[in-house]
Amino acid sequence: MEIPAALVTLVLGVVLTLVGLWVGHNVKMLPIDASSNAPVYDALFEVLFTIGTILFIGITGLILYSLVRFRRRAGDTTDGEAIEGNLPLEIVWTAIPAIVVLFVGIYSYDIYERMGGMVPLHDHMAMHQSLESNPVVSAMADSSSTSERIWGGIGQMGAADGALPVEVTAMQFAFIFHYPGPGITSGELHVPMGQTVTLRMEAKDVIHAFWVPQFRLKQDVIPGQPTMLSFTPTRAGTYPIVCAELCGPYHGGMRSNVIVHEPDAFDSWLKTNTPATVASAPGFPTA
Amino acid sequence: MTVASPPSFDTGLQPQGWLKYFSFSLDHKVIGIQYLVCGFLFYFIGGALAGVIRTELISPMSDFVSRDTYNEVLTLHGTIMIFLWIVPVVNGGFGNYLIPFYVGARDMAFPRLNAVAFWLIPPAGILLISSYFIAGAASQSGWTAYPPLSLTTPAAGQVVWILSVLLLGGSSIFGGINFIATVLKLRRPGLKLMQLPMYCWAMLGTSVLVVLATPVLAGTLILLSFDIIAHTGFFNPSQGGNVVVYQHLFWFYSHPAVYIMVLPAFGLVSEILPIHARKPLFGYTTMVYSIMAIVVLGLVVWAHHMFTSGTPPWMRLFFTIATSFIAVPTGIKFFNWLATLWGGKIALNSAVLFSCAFIFNFVFGGITGVALAQVPFDIHVHDTYFVVGHFHYIVYGGTVFVIFASLYHWYPKFTGRMLNEDLGRLHFVLTFIGFNLCFAPQHWLGLNGMPRRVAEYDPAFTTLNQVSSVGALLMAISTVPLLINVVLTAYRGKIAGDNPWNALTPEWLTTSPPPVENWIGEAPLVTEPYAYGQEPGNLDVSRLRGRDLWTGKQ
Ligand code: HEM
Ligand SMILES: [Cu+2]
Ligand SMILES: [Cu+2]
């Protein structure tokens, strides 16, 4: 009995989709998630991975099938069929990628917005509401004469009040973290779990990049142009901070750690490290 | 005839035999071969440098070469592979050899400019490589040469790097102008644009990109050299310069550059597949329009390389959307190739194997590319080994595989002898396995925390890096059967005859190798370069088809 081609195609399509969904859901490619940004990222990754798997297996299957089924047998010197094109078919395979790409674009726009990436650069309302914690604020902070432009990174929005500000200085070949409130300066970044942290970053010499894979966040640290990045750690532990922009011979060694403490542990870290003179700096939010 | 035929073609003035390949020859075929051979020589140098990189990365410590040397090696590898291997070979090499045939001309529009374009390359390449020896240090700031790093690394090496990239850019522009003029102005009377083989369209699109984008790179690098030599402050933040502006200007060229590297490969595959599948190229018209769409879109996606550079949100959004949409015209081309194969009589020879592997690899690289275009996704993997994996799937898995396919396909035309198929398939298998072993694991490494351009890394990544290095070793070994094949065949290969593939495109309608002005007698008029396939009922006897030219002769 001859099985209709349309049916075979349908069954294959369904199987392929199921395989894609299964792979997207079950094959874990990413490190542990440790910021509120990371699960959002991982959701996007799963969608992209699923679509990618379906497309890739589908096209590979088509090539292999063609190569086997339509291979030239020994002694055959005839040609294939002279089909020069097929407009409906072309429309289909223009439309399908267009729809997929549109869907992916809209979805990742949504993700981007949830990560706080879409706040307009010169939105004064947003600036007003959350100058410190908003990652994408372009503050034309009028510090006496020069107006410095702070370009946003991407990070977690919300939690406008009580964000922990940290000043980050990158130089060949180290990161230095300064806590303006208690006046702590450290080579490692200590942060409390569950609290939004806002990094204000500037480079001293060349471009570096601040990357924490477990946070799924990266922002270039640029000389002459401060950048901001904020995030909310969600999992206690020690994670690597990696410089991700070629910055010279020791670029590969330019690493540090971010230590996410339980809130109590963070308080005691603050106490033991705060220089005595500024121990009770006013206005510094401690948990 | 309107075909350029300068009097200096007079054979008496030109060196003959192998010597002509070392001369300032004006013959487009000689120039094409010069580009090819020169490109392969640089490929082996660039490959040796890649070997140094992969050897260093076998262990997580920086223990094989010094850290400075590592960055020099890295920079030279990238620069050589892009500017001295891919770009000259797929544009200058195959372009010069094939385009005059395809338009029915006896040479390129400007033969002297053509020779100048080629002869800029060897000095530029030698200058670049020798900077390590003469300037005391080669450039160390990567092929992207981002300031302020490129302003602080040893100046002499960086300036020599700029100089040689400028020369290579100039060569590329000369070539681009020549291709545009040849395709538009030198077509044989009676040959319409929409009858040209697809490679002509690919080269036209590529050359438009070359001519529009390369001058921007040149200008940028000249400003950069002012910053280095004259201490101006264009890109120097300590003098009020702006480092992000450099990145915009650089990527305004360098994203189109990735299409300069891959569009010609698309064209070459479009020539190879129909012949070996014995079917017409599927969807000629949409193929042409998708090339044009890629050219236009390719010019407005550059900032997807700068998503972490402090770009404003609207810009991130715009470039995400523009970049994603390139997948549409690109997708059309791939579906058309699959449809070309479908129902054909496919010969499973080396040319086809490499072409199909190209589709496989490029689809993979295209999928990771669309993912990278999504800002939130890219924020995590930008400047990591994920990106290294992505672009090697595109540039090696895509373009280099096509170069190999083309070599197997056109070698009979170049030399009159067939490359050995067993060695060819061995070359294919080794390259395919080695390539995937080398670059597939890099995606995982990037996702999990390994940045690119490092000489040392987290020991947790050791195993996969070693797998990757084994893959690189296989790729190095795979060049042995290729070299043996090319050399042995040149002396003892099977005689190919004029048209071993029974092809219809004009380069096959002459002797192998072709005579100096391509055809003895008038150039054939091929209005249907892909008229393969059986449709006995439809044969229109009143029209002369390309096919009749060779069937009539046999
Ligand atoms: C479907 C089409 C493609 C898309 C959507 C795409 C997207 C991207 C994106 C977004 C990046 C930046 C990644 C990052 O640095 O974070 C990138 C990098 C790169 N792509 Fe593609 N790409 C595509 C095709 C190509 C092609 C055709 C080529 C070359 C022939 C290519 C070569 C490269 C190279 C060389 C880089 C790295 C440049 C560098 O940083 O050194 N890509 N691609
Ligand atoms: Cu760094
Ligand atoms: Cu790009």
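Chain letters run A, B, ... following the sequence lines, proteins first and then strands; every chain starts at 1.
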**Q** With no hydrogens and no angle check, is any side-chain donor or acceptor of B:D68 less than 3.5 Å from a backbone partner on A:P249?
**A**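 No, the answer is negative, given that no donor and acceptor are paired below the 3.5 Å cut-off.
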
**Q** How long is the span from the CD1 atom in B:I379 to the OH atom in A:Y41, to the nearest 0.5 Å?
**A**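 Between B:I379 CD1 and A:Y41 OH, I get 9.5 Å after rounding to 0.5 Å.
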
**Q** As an exercise: rank B:T320, B:L149, B:T340, B:I332 by heavy-atom pairs under 4.5 Å with chain A and give me the winner.
**A**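 Heavy-atom pair counts peak at B:L149.
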
**Q** List the atom of A:L30, the atom of B:N448, and the distance in Å for their closest heavy-atom pair.
**A**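 Minimum heavy-atom contact is C-OD1, 3.6 Å.
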
**Q** With only heavy atoms counted, which part of B:Q247 is less than 4.5 Å from chain A, the side chain, the backbone, both or neither?
**A**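 The side chain, not the backbone.
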
**Q** Would you please classify the geometry between the B:W342 ring and the A:F70 ring as parallel, tilted or perpendicular, with 30° and 60° separating the classes?
**A**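 Perpendicular.
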
**Q** Verify, without hydrogens or angle tests, whether B:K279 (side chain) and A:E81 (backbone) share a donor-acceptor contact under 3.5 angstrom.
**A**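 Side chain of B:K279 to backbone of A:E81: no pair is present.
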
**Q** Between B:T152 and chain A, which part of the residue has a heavy atom less than 4.5 Å away: side chain, backbone, both or neither?
**A**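 Side chain only.
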
**Q** Of the backbone (N, CA, C, O) and the side chain (C-beta and beyond), which part of B:I275 lies under 4.5 Å from a heavy atom of chain A, both, or neither?
**A**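 Contact with chain A is through the backbone of B:I275 alone.
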
**Q** Between A:W93 and chain B, with a heavy-atom cut-off of 4.5 Å, which part of the residue counts as in contact: side chain, backbone, both or neither?
**A**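 Both the backbone and the side chain of A:W93 come within 4.5 Å of chain B.
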
**Q** Would you indicate whether the side-chain heavy atoms of B:H380 and A:F215 approach each other to under 4.5 Å?
**A**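 Answer no - side chains too far apart.
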
**Q** For the backbone of B:H276 and the side chain of A:R72, can you confirm whether one donor and one acceptor N or O come within less than 3.5 Å of each other?
**A**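 A pair under 3.5 Å: yes.
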
**Q** What part of B:P147 lies closer than 4.5 angstrom to a heavy atom of chain A: side chain, backbone, both or neither?
**A**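 For B:P147, the contact with chain A is made by the backbone alone.
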
**Q** Answer with side chain, backbone, both or neither: which region of B:M306 has an atom nearer than 4.5 Å to a non-hydrogen atom of chain A?
**A**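 Answer is neither: B:M306 stays 4.5 Å or more from chain A.
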
**Q** Is B:L341 close to chain A through its backbone or its side chain, or both, or neither, when contacts mean heavy atoms under 4.5 Å?
**A**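 For B:L341, heavy atoms of backbone and side chain both lie under 4.5 Å from chain A.
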
**Q** Counting only heavy atoms closer than 4.5 Å, note whether A:E245 contacts chain B via side chain, backbone, both or neither.
**A**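 For A:E245, heavy atoms of backbone and side chain both lie under 4.5 Å from chain B.
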
**Q** Out of A:A95, A:G224, A:G253, which one racks up the most heavy-atom pairs below 4.5 Å with chain B?
**A**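 Max contact count across the listed options: A:G253.
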
**Q** With rounding to the nearest 0.5 Å, note down the distance linking CZ in B:F362 to CD1 in A:I59.
**A**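 Answer for the CZ-CD1 pair, B:F362 versus A:I59, is 11.5 Å.
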
**Q** Between B:N71 and A:G248, what is the shortest heavy-atom contact and its length?
**A**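 Residues B:N71 and A:G248, closest heavy atoms: ND2-O, 3.3 Å.
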
**Q** Less than 4.5 Å to any heavy atom of chain B: does that hold for the side chain of A:I51, its backbone, both, or neither?
**A**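 The answer is neither part of A:I51.
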
**Q** For B:Y70, is it the side chain, the backbone, both or neither that has a heavy atom under 4.5 Å from a heavy atom of chain A?
**A**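 Answer is neither: B:Y70 stays 4.5 Å or more from chain A.
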
**Q** For each of B:G331, B:P237, B:A455, B:G343, tally heavy-atom pairs with chain A at distances under 4.5 Å, and name the one with the top tally.
**A**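 So the answer, after comparing B:G331, B:P237, B:A455, B:G343, is B:G343.
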
**Q** Could A:D76 and B:K345 be called an ion pair, given the rule that one side-chain N must be under 4.0 Å from one carboxylate O?
**A**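 Yes, A:D76 and B:K345 are salt-bridged.
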
**Q** Chain B heavy atoms under 4.5 Å from A:P240: which part of the residue, side chain, backbone, both or neither?
**A**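 The answer is neither part of A:P240.
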
